[in-house]
Novice: 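Just passing along the structure, written as structure tokens.
Atom set for the values below is all heavy atoms of this structure, side chains included, hydrogens, waters and symmetry mates excluded. Residue numbers start from 1 in every chain, and the chains themselves are labelled A, B, ... in the order their sequence lines are given, proteins ahead of strands.
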Amino acid sequence: MAFWKPGATAPGVSLDRETEKETGENFITFVNPSVSTFSIQQQRQRLPIFKSRDHVLYLVEKYQTTIIVGQTGCGKTTQIPQYLHEAGWTSGGRVVACTQPRRVAATTVAQRVAEEMNVQLGEEVGYSIRFEDCSDPHKTRIKYMTDGMLFRETLIDPLLSQYSVIMIDEAHERSLYTDILVGLLKKIKKKRPELRIIISSATLDAEAFYEFYNTNTINDKSKDDASIISLEGRMFPVDIHYLEDPCSDYVEKAIQTVFDIHTKQPVGDILVFLTGRDEIEHAVQEITDRATTLPRSALKITPLPLYAGLTAEQQMLVFEPTPRSTRKVIIATTIAEASITIEGIVYVVDCGFVKIRAYNPKTGMESLTVTSISKASAQQRAGRAGRVRQGKVYRLYTEDSFYEFQDASVPEMQRSNLAPVVLQLKALGIDNVLRFDFMTSPPAELMIRALELLYSLKALDDYGRLTVPLGMQLAEFPVDSMLGKILIDSYKFNCAEEMLTIAAMISVQNVFVLSSSKVDESKRKFAVEEGDHITLLNVYNAFVTRGKKSGRWCHEHGLNFRTLQRAMSIRQQLTKYLKRFDVPLESCGNDTVKIRKCLVSGYFANAAKMMPDGSFRTIRDNVELHVHPSSVLFTRAVEWVIFHEVVETTKPFMRDLTVIDPAWLAELAPHFYEFKKSALPKH
DNA sequence: GAGCACTGC
């Protein structure tokens with residue numbers, strides 16, 4: 001195999017060299033390619049990363065693992081795969097992969113690189129995300145993909161043999177699949193010495209990745225098989241302002257700061273980070289009210305909310321260009337930290353908090369709590385002010401409290417339900433998941449809880465081995481383990497068609513448009529006394545029949561069009577799996593008893609009984625629970641329910657409930673409830 | 001009795 005050697009000229013490189021020029025001129029000229037007079041190749045050479053091109057290629061050649069530290073905007077994501085391609089790493093049918101934690105990033109970066117290489121997207125340069133494979137198995141040389149997709153490929157080809165280089169981008173975010181891949185690649189690299197791994201991280205974690213991959217234990221650097229390189233960024237400087245004294249109400253302080261900036265600072269839009277919808281809607285309202293007291297001659301101010309629960313149309317408003325006489329204030333959740341980038345932001349107001357979801361293995365409950373952000377998050381938020389010109393960040397906390405923040409937030413692996421991780425690792429032949437080499441091992445309680453759940457679902461046998469076929473099928477199924485079990489068992493109740501719809505609707509969030517008075521009214525039209533699952537089934541069926549799958553109909557009924565479209569895609573995908581598993585695709589008509597019994601066959605562990613005061617207790621542990629106000633069963637008197645999940649916010653709330661007959665628990669989950677039969681009423 | 005950070009397969 002012919003590799004490019006340091007010092008030699010790589011294929012396709014000679015032309016670049018001749019036109020190489022010193023950088024340092026006005027950056028703005030190539031920030032916007034449409035007004036640039038430079039060719040694409042010249043623009044590429046003007047990126048700060050170009051200066052490190054040879055060094056990066058040298059390290060990748062010499063070391064099996066290279067850790068690249070580089071700020072957003074340095075060009076690593078678009079350039080490094082191209083450098084590797086130019087240097088011959090894609091010859092002989094091999095592919096360079098670059099993973100992203102988010103779908104949009106994978107598609108937009110692939111689009112950009114295809115333009116730079118002047119090729120058709122989906123041919124030499126492609127992408128692969130759920131529901132969308134825009135790549136060609138024979139032609140694609142550079143493949144951008146979500147980390148979850150690359151992980152799924154390991155289920156088919158455990159050594160990922162078609163890839164010569166695998167670049168894990170944004171590794172500092174420590175998403176669940178990034179962490180699994182980081183662990184798996186350590187195993188794969190032992191079996192494939194020719195494979196090269198690039199871990200790209202924006203921050204302080206770099207050293208930890210290096211330690212994880214470097215197999216050299218002696219004190220002689222020349223024996224290292226991992227290396228680190230830092231790349232220069234291309235951000236504009238951001239002035240940091242702290243509070244002198246801590247504040248007690250950061251929402252009020254944020255509003256005051258917005259007006260301070262508005263009345264004292266030059267033009268430029270403002271981005272405010274708060275933690276959730278309530279705070280955001282409150283701030284938007286207050287800013288609107290107080291703006292009326294501004295002098296008529298002053299610059300106008302337009303507050304805009306931004307969070308995931310809004311419809312696509314509502315979200316698009318933040319991208320509308322601002323009229324000359326107006327300053328835009330975007331008030332956002334953490335969604336604006338990495339997922340959505342808004343151009344033109346010059347001022348950032350950072351409250352210093354974020355809502356974090358964490359899984360408690362003792363109770364099996366998830367909590368959603370407001371916690372301090374990490375230093376890395378604070379840095380990322382500040383960076384949002386330095387994309388177009390020099391910016392300012394106003395941190396609504398003291399400098400001392402900043403230094404008390406954790407360096408990085410807790411990796412998802414440390415705070416998630418690990419049932420799917422356990423299933424998938426076992427499907428890869430990694431039986432002892434407790435001893436799998438994770439960069440940061442998850443707490444043992446999380447692992448044990450996952451093993452217990454999988455055992456109760458009969459996905460694991462008495463020896464902790466994956467059962468055949470159920471365990472293997474659940475490992476492959478891109479759906480929550482309990483829902484997967486329900487889908488596979490649906491043939492027993494002749495209701496696969498109904499369960500496919502329910503599973504798809506449960507897998508998406510925000511079916512009903514939030515914070516609209518129409519919603520409650522609209523929801524009542526679809527609501528049934530059996531509960532949320534069958535209500536969701538009704539909504540979906542109405543959408544595809546009466547609603548003719550149209551956005552207009554959704555709008556009229558307070559439903560989120562994009563969410564329902566996504567539910568259709570998921571349903572389609574899940575249907576393919578059921579066909580492959582030979583589950584007969586029957587419909588039970590409108591037999592809600594069959595549907596609810598089928599739900600019990602998977603959700604038996606999540607059962608609760610109502611108390612005289614209207615609260616609930618779990619049957620398993622007698623833990624107090626409440627009906628979430630978004631449920632159609634909220635304020636209704638019912639006796640026994642099963643639920644999809646519990647999320648603790650102000651109280652532990654059950655979400656997505658269905659009314660059941662307790663006799664079904666004994667009938668369908670005797671292995672789980674046998675020892676507690678006395679707790680069930682006699683029938 | 002009154003409320004839902006964000007991704008991903």
Novice: In Å and rounded to the nearest 0.5 Å, what is the CD1 to CZ distance from A:Ile331 to A:Arg277?
Specialist: 15.0 Å
Novice: In whole Å, I'd like the distance from the CD atom of A:Glu170 to the C1' atom of B:dT7.
Specialist: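 To the nearest whole Å, that distance equals 13 Å.
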Novice: Using OP1 and OP2 only, check whether a side-chain N or O of A:Thr650 sits under 4.0 Å from B:dA2.
Specialist: no
Novice: Which residue, A:Lys355 or A:Phe477, contacts DNA chain B at a nucleotide closer to its 5' end, judged by nearest heavy atom?
Specialist: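 Going by which nucleotide is closer to the 5' end, it is A:Lys355.
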Novice: Starting at CG of A:Asn510, measure out to CG of A:Leu310 and round the result to the nearest 0.5 Å.
Specialist: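 Result: 9.0 Å between the selected atoms.
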Novice: Mapping A:Asp278 and A:Ile335 to their closest nucleotides on DNA chain B, which lands nearer the 5' end?
Specialist: A:Asp278
Novice: In whole angstrom, give the distance that lies between atom CD of A:Gln424 and atom P of B:dG8.
Specialist: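 Computing the A:Gln424:CD to B:dG8:P distance gives 16 Å.
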Novice: Please work out if A:Leu176 contacts a base, only the sugar-phosphate, or nothing of the nucleic acid, heavy-atom cut-off 4.0 Å.
Specialist: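 Since no nucleic acid heavy atom lies under 4.0 Å of A:Leu176, the category is nothing.
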Novice: If you check every side-chain atom of A:Arg102, which of B:dA5, B:dA2, B:dG8 has the closest atom?
Specialist: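 Nearest nucleotide to the side chain: B:dG8.
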Novice: Measure CE/A:Met149 against P/B:dT7 and give the value in whole Å, please.
Specialist: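 Taking atom P of B:dT7 as the reference, CE of A:Met149 is at 19 Å.
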Novice: Count the heavy atoms belonging to other residues, nucleotides or ligands that lie under 6.0 Å from NZ of A:Lys579, then report whether that count exceeds 12.
Specialist: no
Novice: Ignoring the backbone of A:Tyr177, work out which of B:dG1, B:dT7, B:dC9 is nearest its side chain.
Specialist: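 The answer is B:dC9.
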Novice: Only one of A:Asn417, A:Leu423, A:Leu418 forms a side-chain contact (heavy atoms from CB on, under 4.5 Å) with A:Val421, so which one is it?
Specialist: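 Going through the options one by one, the only one that passes is A:Leu418.
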Novice: Does A:Arg103 make a side-chain N or O approach to OP1 or OP2 of B:dC9 shorter than 4.0 Å?
Specialist: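 Affirmative; the distance criterion is met.
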Novice: Looking at B:dA5, B:dG1, B:dG8, which one has an atom nearest to any side-chain atom of A:Thr146?
Specialist: B:dG8
Novice: The side chain of A:Lys651 is closest to which nucleotide in this list: B:dC6, B:dA2, B:dC9?
Specialist: B:dA2
Novice: Which part of the nucleic acid, if any, lies within reach of A:Gln509 when heavy atoms closer than 4.0 Å are counted: base, sugar-phosphate only, or nothing?
Specialist: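 The residue A:Gln509 makes base contact.
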Novice: Please report, rounded to the nearest Å, how far the C1' atom of B:dG3 is from the NE2 atom of A:His282.
Specialist: 16 Å
Novice: For DNA chain B, what residues of residues 628-638 of chain A have any heavy atom nearer than 4.0 Å?
Specialist: A:His628, A:Pro629, A:Ser630, A:Phe634, A:Thr635
Novice: Please name all residues satisfying salt bridge (charged side-chain N to carboxylate O under 4.0 Å, His left out) with A:Glu624, sequence neighbours left out, ordered by chain then number.
Specialist: none
Novice: Whole-Å distance between B:dC6 P and A:Glu337 CD?
Specialist: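 So the CD-P distance, A:Glu337 to B:dC6, works out to 12 Å.
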Novice: To the nearest angstrom, how far is A:Asn417 atom CG from B:dT7 atom C1'?
Specialist: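 After rounding, the reported distance stands at 16 Å.
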Novice: Tell me which one of A:Val393, A:Val349, A:Thr334, A:Leu271 satisfies side-chain contact (heavy atoms from CB on, under 4.5 Å) with A:Arg381.
Specialist: A:Thr334
Novice: Among the candidates B:dG1, B:dC6, B:dG8, find the nucleotide nearest to the side-chain atoms of A:Thr333.
Specialist: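 Per side-chain heavy atoms of A:Thr333, the pick is B:dC6.
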Novice: Atom CD1 of A:Ile188 and atom CD1 of A:Ile197: how far apart are they, to the nearest 0.5 Å?
Specialist: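 The CD1 atom of A:Ile188 sits 7.5 Å away from the CD1 atom of A:Ile197.
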Novice: Applying side chain to side chain donor-acceptor pair (under 3.5 Å), can you list everything that pairs with A:Thr140, at least two apart in sequence or on another chain?
Specialist: none
Novice: Let me know the distance between CG of A:Leu310 and C1' of B:dA5, rounded to the nearest Å.
Specialist: 13 Å
Novice: Rounded to the Å, how far apart are A:Ile340 CD1 and B:dA5 P?
Specialist: 15 Å
Novice: Identify whether any heavy atom of A:Leu368 sits under 4.0 Å from a base atom; if not, whether one sits that close to sugar-phosphate; answer base, sugar-phosphate or nothing.
Specialist: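 Since a base atom lies under 4.0 Å of A:Leu368, the category is base.
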